[in-house]
Protein chains: 2
Amino acid sequence: MMENSPIPIDLDHLRRSCGSCALHELCLPAGIGTDDLELLDATVHDKRALDRGKTLFRQGESFHALYVVRSGSLKSFVESAGGDLQVLGFHLPGEIVGIDGLTSDHHMCSAEALERTSICELPYAQLQHVTGAVPALHRQLMRVVSREMVAEHEHMVMMGRQQAQERLAIFLQGLAVRYARLSRDPATLTLPMSRYDIANYLGLVMETVSRLFSRMEAAGILSVNRKAVRILRPDLLAELCGQSGTPYADHAD
Amino acid sequence: MMENSPIPIDLDHLRRSCGSCALHELCLPAGIGTDDLELLDATVHDKRALDRGKTLFRQGESFHALYVVRSGSLKSFVESAGGDLQVLGFHLPGEIVGIDGLTSDHHMCSAEALERTSICELPYAQLQHVTGAVPALHRQLMRVVSREMVAEHEHMVMMGRQQAQERLAIFLQGLAVRYARLSRDPATLTLPMSRYDIANYLGLVMETVSRLFSRMEAAGILSVNRKAVRILRPDLLAELCGQSGTPYADHAD
DNA sequence: CGACTGATTGAGTTTCCTCAAGAACTGTGG
DNA sequence: CCACAGTTCTTGAGGAAACTCAATCAGTCG
């Protein structure tokens with residue numbers, strides 16, 4: 001797969017560098033000058049690929065790095081003493097995970113690959129060093145952290161809905177929006193997570209989610225085939241969201 | 001209230017300074033040297049008191065500062081187009097709010113005082129200036145942000161519980177833990193928020209919360225009198241949490 | 001003192017959960 | 001390539017928990 005070119009290291013570096021990454025504008029490099037970008041590049045370790053089901057970090061482990069999804073997807077979750085778990089989020093390319101570990105130097109949740117996933121690792125000690133030297137990077141890091149916090153707020157808004165159908169509709173619509181950000185077709189969703197994960201994320205049981213998919217398919221809103229979901233009627237889906245799907249739509253300037 | 005002393009400004013400053021604040025160890029000053037503390041002090045604007053029901057900032061407003069609760073309490077919430085809202089959190093002294101505004105330079109939620117509340121305002125432009133000069137402050141800011149994120153994860157774990165009683169138990173226990181951090185009696189809770197706010201926060205309706213309070217009082221676990229709640233049997237309360245109340249109890253080293 | 005807001009309690013209904021069986025897809029090995 | 005086991009998902013029937021509607025009670029504030 002990886003042929004030996006005359007200057008293999010440079011090519012390798014170039015291909016993986018933050019500057020050439022497709023996620024450039026979503027990730028930490030956004031708004032950073034080329035000189036400073038090299039500093040950032042030096043701190044990014046490439047973690048290669050995680051196979052489906054493999055954990056990136058586990059709850060309780062000591063914290064030493066932040067991670068950015070490069071391709072594929074992750075789920076993050078907490079396990080309680082009783083053994084039951086709560087899915088906290090699904091993470092698509094360009095999204096950061098591991099921030100929760102900063103406050104106590106231990107990861108407070110686990111992160112697991114939902115499919116074959118590649119990751120950029122940002123050792124925190126080094127990252128701190130660079131943010132100290134590059135104020136723009138500090139600001140961008142805070143922006144990205146803030147974005148994750150807003151995503152969690154959206155999760156709560158969804159969990160707060162009484163009607164199960166609203167929750168699923170908001171979930172699907174949110175996913176479509178994130179697909180669009182990644183320049184994917186927002187109407188053609190490939191759900192990398194199981195029905196169990198979706199249900200847990202939404203605060204429901206698997207059977208309810210399954211029934212809702214069937215109901216929404218019968219209503220002509222979706223076409224559902226296991227992990228392949230097509231949004232046929234975005235207008236009707238938006239209606240099901242009960243005006244709560246886009247709580248942050250209005251940015252009054 | 002504020003008598004004229006020979007050097008009024010110094011006294012005033014001393015009383016309000018981060019160094020003398022009781023929340024010192026919970027807040028941004030933690031682990032900062034005295035010299036750097038003066039730099040931080042200079043950026044902190046005192047917002048004085050907000051009366052009950054007054055908003056600190058409103059969803060959609062442009063972002064320009066972070067805020068720390070000094071005394072009293074806040075609730076943060078999002079309003080959807082339909083008019084219904086979701087309570088995202090209750091904020092006690094030492095806790096930071098406003099981080100969600102960083103990602104788009106607009107506040108993505110609103111914050112309102114639940115009682116007479118005093119606030120420290122940290123204009124973000126100035127704060128950034130200081131964090132650039134004081135690496136320890138940058139690290140501490142990230143820690144505090146991370147702590148807020150962990151708090152949101154706890155909220156989700158609670159919302160994910162099916163049983164309404166578990167949710168309320170986890171809520172009360174979490175509040176007790178935060179009271180303890182503030183050196184208050186963790187068994188004597190004074191709930192500054194309404195039953196409606198509690199219910200909304202838990203993803204329930206007011207009547208259910210009210211019934212649960214009554215049921216837990218009948219079971220001898222609590223004594224409830226409006227906003228005054230005493231935890232009579234912490235052991236039974238912990239039992240109701242269903243082993244999910246303290247998901248982060250184990251920090252395996 | 002009376003209107004008002006906030007909280008409690010009751011009765012009835014709906015939604016979603018539980019339990020259970022069956023169908024469809026995945027992957028492995030012959 | 002097919003058979004088979006294992007997993008994941010779907011669908012059904014029944015019941016329980018929480019919601020809705022409604023009335024009452026208690027504090028609060030003018």
Just list the side-chain donor-acceptor pairs under 3.5 Å for residues 87-102 of chain B, sequence neighbours left out, or say none.
unit_1    : atom_1 : unit_2    : atom_2 : d
His91(B)  : NE2    : Ser76(B)  : OG     : 2.8
Glu95(B)  : OE1    : Leu92(B)  : N      : 2.8
Glu95(B)  : OE1    : Arg178(B) : NH2    : 3.0
Glu95(B)  : OE2    : Arg178(B) : NE     : 3.1
Asp100(B) : OD2    : Met108(B) : N      : 2.7
Asp100(B) : OD2    : Cys109(B) : N      : 3.4

Atom pair distance, as rounded to whole Å: [atom1] in [X] and [atom2] in [N]:
| X | N | atom1 | atom2 | result |
| --- | --- | --- | --- | --- |
| Leu204(A) | dT18(C) | CG | C1' | 14 Å |
| Met216(B) | dT8(C) | CE | C1' | 17 Å |
| Arg161(A) | dT15(C) | CZ | P | 16 Å |
| Arg167(A) | dT15(C) | CZ | P | 14 Å |
| Leu168(B) | dA17(D) | CG | C1' | 15 Å |
| Tyr196(A) | dT10(D) | OH | C1' | 18 Å |
| Arg215(B) | dA18(D) | CZ | C1' | 10 Å |
| Asn225(A) | dA23(C) | CG | P | 18 Å |

- With Arg116(A), which residues qualify under salt bridge (Lys or Arg N to Asp or Glu O under 4.0 Å), at least two apart?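 Salt bridge (Lys or Arg N to Asp or Glu O under 4.0 Å) list for Arg116(A), sorted by chain: Asp51(A).
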- Item | Partner set under salt bridge (Lys or Arg N to Asp or Glu O under 4.0 Å) for Glu152(A), not counting sequence neighbours |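 Once residues adjacent in sequence are excluded, Glu152(A) has no partner under the salt bridge (Lys or Arg N to Asp or Glu O under 4.0 Å) criterion.
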- With sequence neighbours excluded, tell me which residues meet side chain to side chain contact (heavy atoms under 4.5 Å, CB included) with Ser210(A).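 If we apply the side chain to side chain contact (heavy atoms under 4.5 Å, CB included) test to Ser210(A), skipping adjacent residues, there are no hits.
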- side chain to side chain contact (heavy atoms under 4.5 Å, CB included) involving Arg52(B) - partner list, sequence neighbours excluded: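 Side chain to side chain contact (heavy atoms under 4.5 Å, CB included) list for Arg52(B), sorted by chain: empty.
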- Just compare dT10(D), dC17(C), dA18(D) and give me whichever is closest to any side-chain atom of Val224(A).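 Minimum distance to the Val224(A) side chain belongs to dT10(D).
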- Query: Pick the nucleotide of DNA chain C nearest each of Arg52(B) and Gly203(A); which residue has the one closer to the 5' end?
  - Reply: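 The answer here is Arg52(B).
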- Message: Test of understanding: with ring pair (Phe, Tyr, Trp, His ring centres under 6.0 Å), list the residues that count as partners of Phe213(B), not counting sequence neighbours.
- Response: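 If we apply the ring pair (Phe, Tyr, Trp, His ring centres under 6.0 Å) test to Phe213(B), skipping adjacent residues, there are no hits.
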- Task: Return the set of residues passing ring pair (Phe, Tyr, Trp, His ring centres under 6.0 Å) with Phe57(A) (not counting sequence neighbours), or none when no residue passes.
- Result: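 If we apply the ring pair (Phe, Tyr, Trp, His ring centres under 6.0 Å) test to Phe57(A), skipping adjacent residues, the hits are Tyr67(A), His107(A).
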- Nearest-nucleotide comparison on DNA chain D, the residue closer to the 5′ end among Gln162(A) and Phe213(A):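 Closer to the 5' end of DNA chain D: Phe213(A).
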Sub-4.5 Å side-chain heavy-atom contact between [X] and [Y]:
| X | Y | result |
| --- | --- | --- |
| Glu148(B) | Met149(A) | yes |
| Lys47(B) | Cys120(B) | no |
| Asn200(A) | Gln86(A) | yes |

- Item | Structure string for DNA chain C in dot-bracket form, Watson-Crick and G-U at under 3.5 Å, | interchain | ||||||||||||||||||||||||||||||
- Message: Applying side-chain hydrogen bond (donor to acceptor under 3.5 Å, both in side chains), can you list everything that pairs with Glu112(A), at least two apart in sequence or on another chain?
- Response: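 By the side-chain hydrogen bond (donor to acceptor under 3.5 Å, both in side chains) rule, Glu112(A) matches no residue at all.
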- Query: How would you list, by chain and number, every residue that makes a side-chain hydrogen bond (donor to acceptor under 3.5 Å, both in side chains) with Glu217(B), sequence neighbours excluded?
  - Reply: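 side-chain hydrogen bond (donor to acceptor under 3.5 Å, both in side chains) check on Glu217(B) returns nothing, list empty.
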- Along nucleotides 21-26 of chain D, 5' to 3', which nucleotides get a B, which get an S, and which get a -, given that the test is a protein heavy-atom distance under 4.0 Å? BB---S
- Query: Looking at DNA chain C, which of residues 188-195 of chain B put a heavy atom within less than 4.0 Å of it?
  - Reply: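 The stretch gives Ser194(B), Arg195(B) as the residues lying under 4.0 Å from the strand, ordered by number.
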Think [X] has a side-chain N or O under 4.0 angstrom from the OP1 or OP2 of [N]?
| X | N | value |
| --- | --- | --- |
| Thr208(B) | dA17(D) | no |
| Gln163(A) | dC16(C) | yes |
| Ser210(A) | dC9(D) | no |
| Lys227(A) | dC9(D) | yes |

